Structure formats: structure tokens, C-alpha cells
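No experiment lies behind these values; they were computed from the predicted model shown.
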Amino acid sequence: MGTKVEELAREKQEKAWRVIRSCGILPAWESIGADVHLVGSLKTGLLMKHCDIDFHIYTKTLEVETSFRAASLIAANPEIASVEYVNRIHTEEQCIEWHAWYSAEDGETWQIDMIHIRKGSFYDGYFERFAERLSAVLTPETRSAILALKYETPDSETIPGIAYYQAVIRDGVRSFAEFTEWRKKHPLRGICDWMP
């Protein structure tokens, strides 16, 4: 099953890059002088079935009007079905969350999470460092194990990527049955600060 799963992962990741190009995400945010960083499972090559793309976007100041200007360029794309805005400027995260849903030609709906963060705030660079550390410790065997677990996860379940990474890399989980038991003993709440 390993080769089949890895081929499916490659195909899904190629689709994700087509979605990114189609939406014009990079030029939209760069038009307001932002630094755009891909994070999450696409960045680490661990995107499997879940149609989800994550970006962290940094500017020196965090202004709602400026953030809307960039997001509106993305929302103007006819394939973008909806966009959600969440203002977290006055929280520990110091960010504005944008969630966009893209309707692909093949019928899949992609969720694009764009977190606009003030440079120098608490989470500045945190998830980029996580992706670098994860990529550095992945072996062909652990990568295959993570992709297999993601493949075996029912489509009705949404499990944060970090649960797979902790289970496989830190705790040696290899089967979906083991992963199910592992999750019962290790419930995730909020942002997890584990680093590989």
C-alpha cells in the first residue's frame, strides 16, 4: 500500500499547488508588502487526503483595512465560494484569520487558511520552525507511516496533523488501531507546543 499512498499524496500536493496558483495568493498578499510563508502539511510534504492549505502572512503592523485589501483580491476569484474573517488582533495570537473555500474543477472543495500575523508577535515564525524541525527528523519510514495513517483516517474525521506526527515520531505508532488508542490517551486541546 505504501507506493499507492505516496502516489496519491503526490497527486493531492500537485493539486494544492494548482489551487495556490489559481487563487493568486502570493501576489495578493505581496501587494500589501507582506511576507508569505507556506506552513502545515503541504510545506512538509505530508498532505494526504484533506484539502487544506495553510499560510502564515507577516506584516510589521496589523491593520484590518490593509488585510481586507489583500483578501479581497483572492475573494474576487470566481472559484472562491466563500471567505471567513476572524479578528484576533487583541489576543495572544495578534492575528487576523482568513479562511477561504475554493471549488476545484474536479468537485473538491479546498480550505485555504491564511493567518495574517504581526511581525514580532508571540507566534512569529513558530510554525515555520516546526515545519523545518519536522522535515529534518522525517525518515522515509516515518513519512510513509504518517501518510498511511492519514489515508486510513475516515473522511468524516478531522484530526490535526500534529497528532499524527507526535504519535508516529515521538511514540512509535504505526497502525491505525494503535493511533486510535493513542488519541484516547493524548487528547489535543488548543495549540500544541510539541516540537519534533
Exam field: side chain [X] to backbone [Y], donor-acceptor pair closer than 3.5 Å:
X: S144; Y: E141; value: no
X: N77; Y: S22; value: yes
X: T153; Y: L149; value: yes
X: S31; Y: A28; value: yes

Do the side chains of [Y] and [X] get nearer than 4.5 Å, heavy atoms only?
X: H50; Y: K150; value: no
X: E157; Y: R183; value: yes
X: V83; Y: I74; value: no
X: I146; Y: I169; value: yes
X: P160; Y: Y165; value: no
X: E11; Y: L8; value: yes
X: I89; Y: I96; value: yes
X: Y126; Y: M195; value: yes

As a quick check of understanding, evaluate side chain to side chain contact (heavy atoms under 4.5 Å, CB included) for T66 and T61, giving each step before the final call. CA-CA 10 Å; T66 307; T61 58; over 6 Å; no
Give the cluster check for [X] versus [Y]: same hydrophobic cluster or not, with ILVMFWY residues linked at side-chain heavy-atom distances below 4.5 Å.
X: F55; Y: F68; answer: yes
X: V168; Y: V5; answer: yes
X: I53; Y: V39; answer: no
X: V19; Y: I115; answer: no
X: L26; Y: W17; answer: yes

On a heavy-atom basis, which atom in G40 and which in D54 lie closest, and how many Å separate them?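 That closest heavy-atom pairing would be CA-OD2, 4.1 Å.
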Looking only at heavy atoms, which two atoms of E128 and H56 are closest? And how far apart?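 In terms of heavy atoms, the two residues are closest at OE2-CB, 3.7 Å.
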To the nearest 0.5 angstrom, please state how far the [atom1] atom of [X] sits from the [atom2] atom of [Y].
X: L42; Y: L47; atom1: CG; atom2: CG; value: 5.5 Å
X: H116; Y: L62; atom1: NE2; atom2: CG; value: 5.0 Å
X: I112; Y: I25; atom1: CD1; atom2: CD1; value: 4.0 Å
X: E178; Y: D171; atom1: CD; atom2: CG; value: 10.5 Å
X: K49; Y: Y151; atom1: NZ; atom2: OH; value: 7.0 Å
X: C23; Y: I80; atom1: SG; atom2: CD1; value: 4.0 Å

What verdict does the side chain to side chain contact (heavy atoms under 4.5 Å, CB included) test give for S121 and E92, after you've listed the backbone C-alpha separation in whole Å, the side-chain angles of each residue and the deciding distance to 0.1 Å? CA-CA 8 Å; S121 62; E92 180 185 43; over 6 Å; no
For K12, is there an ion pair with E108 - N to carboxylate O distance below 4.0 angstrom?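 Result for this pair is yes, salt bridge flagged.
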Hey, are E132 and R129 close enough for a salt bridge, meaning a charged N less than 4.0 Å from a carboxylate O?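 A salt bridge is absent here (no side-chain N lies under 4.0 Å from a carboxylate O).
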If we check ring-ring contact (aromatic ring centres under 6.0 Å, His included) with H37, which of these qualifies: Y123, F130, Y58?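 By the ring-ring contact (aromatic ring centres under 6.0 Å, His included) criterion, H37 pairs with just one of Y123, F130, Y58: Y58.
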For E97, what residues pass the salt bridge (Lys or Arg N to Asp or Glu O under 4.0 Å) criterion, not counting sequence neighbours?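 For E97 the salt bridge (Lys or Arg N to Asp or Glu O under 4.0 Å) partners, ignoring immediate neighbours, are R88.
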Does K184 have any salt bridge (Lys or Arg N to Asp or Glu O under 4.0 Å) partners at least two apart in sequence or in another chain, and if so, which?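 K184 satisfies salt bridge (Lys or Arg N to Asp or Glu O under 4.0 Å) with E181 only.
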Give the ring-plane orientation class for W98 versus Y85, where under 30° counts as parallel, over 60° as perpendicular and anything between as tilted.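 The arrangement is tilted - the two ring planes meet at 30° to 60°.
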Decide side chain to side chain contact (heavy atoms under 4.5 Å, CB included) for R174 and T142; before the verdict, give the C-alpha distance in whole Å, the side-chain angles of both, and the deciding distance to 0.1 Å. CA-CA 9 Å; R174 292 297 181 267; T142 55; 3.7 Å; yes
Run the side chain to side chain contact (heavy atoms under 4.5 Å, CB included) test on F127 and K43 for me, step by step, so that the C-alpha distance in whole Å, both residues' side-chain angles and the decisive distance to 0.1 Å come before the verdict. CA-CA 10 Å; F127 292 95; K43 173 71 176 178; over 6 Å; no
Assess whether salt bridge (Lys or Arg N to Asp or Glu O under 4.0 Å) is satisfied between K4 and E7, documenting all intermediate values. CA-CA 5 Å; K4 175 189 170 188; E7 182 56 35; over 6 Å; no
Using the test ring-ring contact (aromatic ring centres under 6.0 Å, His included), find all partners of H186 that sit at least two apart in sequence or belong to another chain.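 Listed in chain order: W182.
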